[in-house]
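All remarks here apply to the structure that follows.
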Amino acid sequence: MHGLNPPQRAAVLHTEGPLLVLAGAGSGKTRVIVEKIAHLISSGRMPARRIAAITFTNKSAKEMKERVAKRIKGDAAEGLTVCTFHALGLKFLQIDHAKAGLRRGFSVFDSDDSAAQIKDLMPPGSKPDVIDDMRNLISRAKNSGLSPEEALAVSKSAREMEAALMYQRYQARLSTFNAVDFDDLIRLPVQMLEADEGLRLAWRERIGYLLVDECQDTNDAQYRLLKALAGDKGLFTCVGDDDQSIYAWRGANPDNLLQLGKDYPKLEIIKLEQNYRCSNRVLRTANALIAHNPHEYPKTLWSDQADGERIRVWECRDGAHEAEKVAGEIHFLATAKQVPWSDFCILFRGNHQSRALEKALQLLRVPYHLSGGTAFLERGEVKDALAWLRLIANPDDDAAFLRAVQSPKREVGATTLAKLAELSQHAGMPMSRACEQIGLLKQLAPRAANALDGFANIIRFLRGQAQQIAPSELVRVLADKSGLLAAIRAQCKDEASFQRRKENLEELSEWFDGGKGSGPGELAAQLALLSHADKGEAGNQVRLMSLHAAKGLEFRYVFIVGMEDGTLPHEMALEEGSLEEERRLLYVGITRAKEQLWLSHSREGSRWGDKFRYKPSRFFDELPAAEVQRDGADPVADAARKQERAVAGFAAIRALLEEG
């Protein structure tokens with residue numbers, strides 16, 4: 001525990017009751033969790049196999065595992081669980097699947113799989129936004145830990161009642177397919193633990209101590225899971241920051257931090273207020289802003305770092321001018337001061353704001369990486385091809401079968417698939433194997449049976465090809481033989497869009513290693529590696545991302561653009577009078593900056609060809625004047641700064657001409 005400050009050390013040593021660690025931005029919370037795991041194990045307080053550390057992302061879990069492995073040598077950490085809430089729920093259901101009404105090898109539907117089922121259950125011709133709304137209402141009910149019957153009982157409107165009835169039908173469909181969706185990974189364990197005392201005791205014996213990171217981001221179902229596992233003794237450490245709760249739109253409930261104190265009267269609270277990331281000017285600015293929110297547990301971040309530069313505030317003509325100023329400043333600092341591109345980050349409220357920035361950066365040849373776009377592996381045709389590959393590698397993968405058999409569409413509807421699931425269940429075999437059984441196919445409508453037989457023949461052929469050719473080549477073969485390419489061509493209105501989607505499949509083939517085919521086993525191994533692929537990493541590039549995506553990251557230089565009323569804070573928050581989360585979002589953005597911070601806004605904007613005037617964000621009025629440097633406030637310094645950048649700009653132009 002060498003190097004821990006007093007509050008950090010106190011948090012590590014407190015192991016005998018419930019603990020809430022209020023960890024401010026950059027206060028070393030991950031180190032506290034890692035050190036506490038090490039202390040629990042080395043002191044003999046709890047063996048590693050009975051400790052579970054819960055994070056909110058797979059990336060966070062991976063990083064924490066690596067840090068624990070470095071901290072605890074040998075096999076002392078063997079059996080330790082470090083995972084997300086959903087991974088813990090999956091482990092629970094895999095162990096106690098029978099009590100959940102599931103068979104071994106159940107499928108987990110992703111968001112696309114779930115959306116496809118809900119769309120199929122909706123009336124024909126339902127609009128996409130109506131389908132999305134229905135899916136969101138069902139997800140909200142599940143994140144509140146409600147069963148279909150409970151959701152129906154608490155419905156307060158015709159819309160909620162319609163969603164609850166759809167929830168019942170959707171859940172019955174999942175049961176038929178021996179499947180759960182992502183939300184069920186929390187909801188089902190919660191309902192089972194709360195209803196079965198024996199199961200609760202068994203799992204409390206299995207997990208003796210819980211550590212929960214980012215506790216302010218838990219939804220109601222996740223909080224109930226924590227309580228069910230921790231029991232009355234409350235052997236847990238929850239780490240969180242109410243000032244960084246920015247995910248209410250996806251069900252997070254920051255009041256769970258307050259609820260801990262009500263449910264556990266002996267809750268110990270330790271505040272981590274020393275920041276190891278930011279300059280003091282950045283911290284004083286962040287503290288002044290967030291002080292406008294109500295606080296049950298107020299805290300003030302401080303640092304022993306230098307004061308640093310004042311926060312620069314730019315007023316720009318419009319979005320294009322703003323983008324030019326940001327790009328120009330980054331180019332100057334990178335070239336004149338030899339700052340790596342990766343030290344810069346540009347933050348915005350919505351992804352649409354990136355377009356002008358991308359154009360300005362491209363003109364100056366500044367390399368950048370845009371986070372938050374549709375990930376390559378999430379593109380429709382790529383997911384379709386991956387479903388085929390998964391099924392070729394593993395005939396037992398019913399979730400892959402359900403996507404592949406409908407990609408492209410063939411004469412196999414939901415009714416047929418439900419019947420096939422029932423038949424395969426009685427026969428004790430996966431659905432893909434059931435398609436190969438003539439006796440089972442005869443129990444289906446002739447046209448559907450023929451379509452399934454044809455599908456089985458294609459899978460059989462491709463499985464044979466996997467024995468002979470490399471996985472990279474197999475992608476190209478299946479794109480043709482499966483009918484995926486033909487379906488994409490039929491869907492595309494022009495040749496250019498067809499070629500773009502075809503190139504996505506070609507790129508997918510390049511993600512696999514070359515070499516000789518060695519069958520489904522080799523394919524399965526490559527698919528597993530693919531899930532951990534590091535393609536798309538930013539490297540030495542300027543980062544562009546939304547404020548939501550920036551949480552947990554840090555950069556030397558940060559630019560927050562688009563600080564106008566209606567953008568930040570968002571117009572919906574203004575209409576609803578709910579500014580607290582928008583203020584927390586800006587607080588998160590400010591505390592990403594280690595050395596210097598720029599905040600910018602525009603006077604003018606345009607929409608549908610019409611120009612309009614912006615009002616600067618009302619949050620500017622909440623910033624301490626002593627920490628802020630506005631354009632025009634110091635004419636002499638502004639003139640010197642402008643001259644310095646002009647000289648650097650001419651040098652850059654001269655270098656480009658010489659290069660040409």
Side-chain angles (χ1 to χ4, degrees), residues 57-58 86 90 106-120 128 131-132 135 139 170 173-174 177 179-185 371-410 412 414 417 430-432 455 458-459 462-463 466 471-492 497-512 520 523-536:
T57 66
N58 290 318
H86 290 91
L90 177 59
F106 61 86
S107 299
V108 179
F109 280 14
D110 65 14
S111 58
D112 282 355
D113 298 327
S114 299
Q117 296 304 320
I118 292 172
K119 179 181 179 182
D120 187 68
I131 296 170
D132 286 343
R135 182 171 153 229
S139 181
Y170 168 65
R173 174 71 64 82
L174 290 181
F177 289 142
V180 296
D181 65 17
F182 204 61
D183 296 324
D184 285 330
L185 296 178
S371 302
T374 301
F376 175 74
L377 294 178
E378 294 299 312
R379 292 172 183 167
E381 58 273 14
V382 174
K383 292 191 76 171
D384 289 341
L386 286 172
W388 279 81
L389 290 168
R390 282 166 49 200
L391 190 60
I392 292 166
N394 178 17
D396 293 344
D397 192 336
D398 279 350
F401 169 83
L402 288 170
R403 182 168 188 124
V405 79
Q406 298 177 89
S407 307
K409 294 289 185 185
R410 57 195 80 239
V412 181
L417 290 173
M431 295 172 75
S432 67
F455 175 78
I458 297 172
I459 289 292
L462 292 172
R463 196 167 284 135
S472 56
E473 182 60 27
L474 183 63
V475 176
R476 302 184 182 97
V477 174
L478 84 81
D480 179 44
K481 294 296 183 182
S482 66
L484 279 175
L485 268 183
I488 292 170
R489 183 176 286 281
Q491 292 165 8
C492 294
S497 58
F498 168 69
Q499 288 298 330
R500 279 197 300 272
R501 295 181 66 186
K502 181 182 177 184
E503 285 168 6
N504 286 337
L505 293 178
E506 183 62 32
E507 184 176 343
L508 176 63
S509 73
E510 295 172 2
W511 280 44
F512 291 92
L523 178 58
Q526 295 239 17
L527 283 167
L529 290 173
L530 188 63
S531 67
H532 299 287
D534 60 0
K535 290 207 174 187

Between Ile458 and Trp388, is there a side-chain heavy-atom distance shorter than 4.5 Å?
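Yes, at least one pair of side-chain atoms sits under 4.5 Å.
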Side chain to side chain, Leu508 and Leu386, heavy atoms closer than 4.5 Å
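The answer is yes, as the side chains (C-beta and beyond) meet within the 4.5 Å cut-off.
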For the side chain of Arg463 and the backbone of Leu391, is there at least one donor-acceptor N/O pair under 3.5 Å apart?
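Checked: pair present.
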Quick one: does Gln406's side chain have a donor or acceptor within less than 3.5 Å of a partner on Leu402's backbone?
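At least one qualifying donor-acceptor pair exists.
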side-chain contact (heavy atoms from CB on, under 4.5 Å) partners for [X], two or more places apart:
X      : value
Ala414 : Asp120, Arg173
Asp396 : Asn394, Pro430
Thr57  : Lys59, Ser60

In terms of ring plane angle, is the pair Phe455 and Phe401 parallel, tilted or perpendicular, where the classes change at 30° and 60°?
perpendicular
Report the residues that fulfil side chain to side chain donor-acceptor pair (under 3.5 Å) with Ser497, sequence neighbours left out, ordered by chain and then residue number.
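For Ser497 the side chain to side chain donor-acceptor pair (under 3.5 Å) partners, ignoring immediate neighbours, are Asp494.
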Set of residues satisfying side chain to side chain donor-acceptor pair (under 3.5 Å) with respect to Arg410, sequence neighbours excluded:
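Once residues adjacent in sequence are excluded, Arg410 has no partner under the side chain to side chain donor-acceptor pair (under 3.5 Å) criterion.
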Straight-line distance of [X] [atom1] to [Y] [atom2], nearest 0.5 Å:
X      : Y      : atom1 : atom2 : answer
Arg135 : Gln117 : CZ    : CD    : 12.0 Å
Leu462 : Leu474 : CG    : CG    : 6.0 Å
Asp184 : His86  : CG    : NE2   : 9.5 Å

Residues in salt bridge (Lys or Arg N to Asp or Glu O under 4.0 Å) with [X], at least two apart?
X      : result
Arg501 : Glu381
Asp398 : none
Asp181 : Lys142
Asp113 : none

Identify the two heavy atoms, one from [X] and one from [Y], that lie closest to each other, and give their separation to 0.1 Å.
X      : Y      : result
Ala404 : Ala387 : N-CB, 4.1 Å
Gly380 : Arg403 : O-NH2, 3.6 Å
Ser509 : Glu506 : OG-O, 2.5 Å

SB check Arg500 Glu503 (cutoff 4.0 Å):
no
List in chain and number order the residues that pass ring-ring contact (aromatic ring centres under 6.0 Å, His included) with Tyr170, two or more places apart in sequence or in another chain; answer none if no residue qualifies.
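Residues passing ring-ring contact (aromatic ring centres under 6.0 Å, His included) with Tyr170: none at all.
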May I have the list of side-chain donor-acceptor pairs in residues 479-489 shorter than 3.5 Å, sequence neighbours left out?
{"from": "Ser482", "atom 1": "OG", "to": "Leu478", "atom 2": "O", "distance (Å)": "2.5"}
{"from": "Ser482", "atom 1": "OG", "to": "Leu484", "atom 2": "N", "distance (Å)": "3.2"}
{"from": "Arg489", "atom 1": "NH1", "to": "Glu495", "atom 2": "OE1", "distance (Å)": "3.3"}

Phe182 atom CZ: more than 12 heavy-atom contacts under 6.0 Å:
no
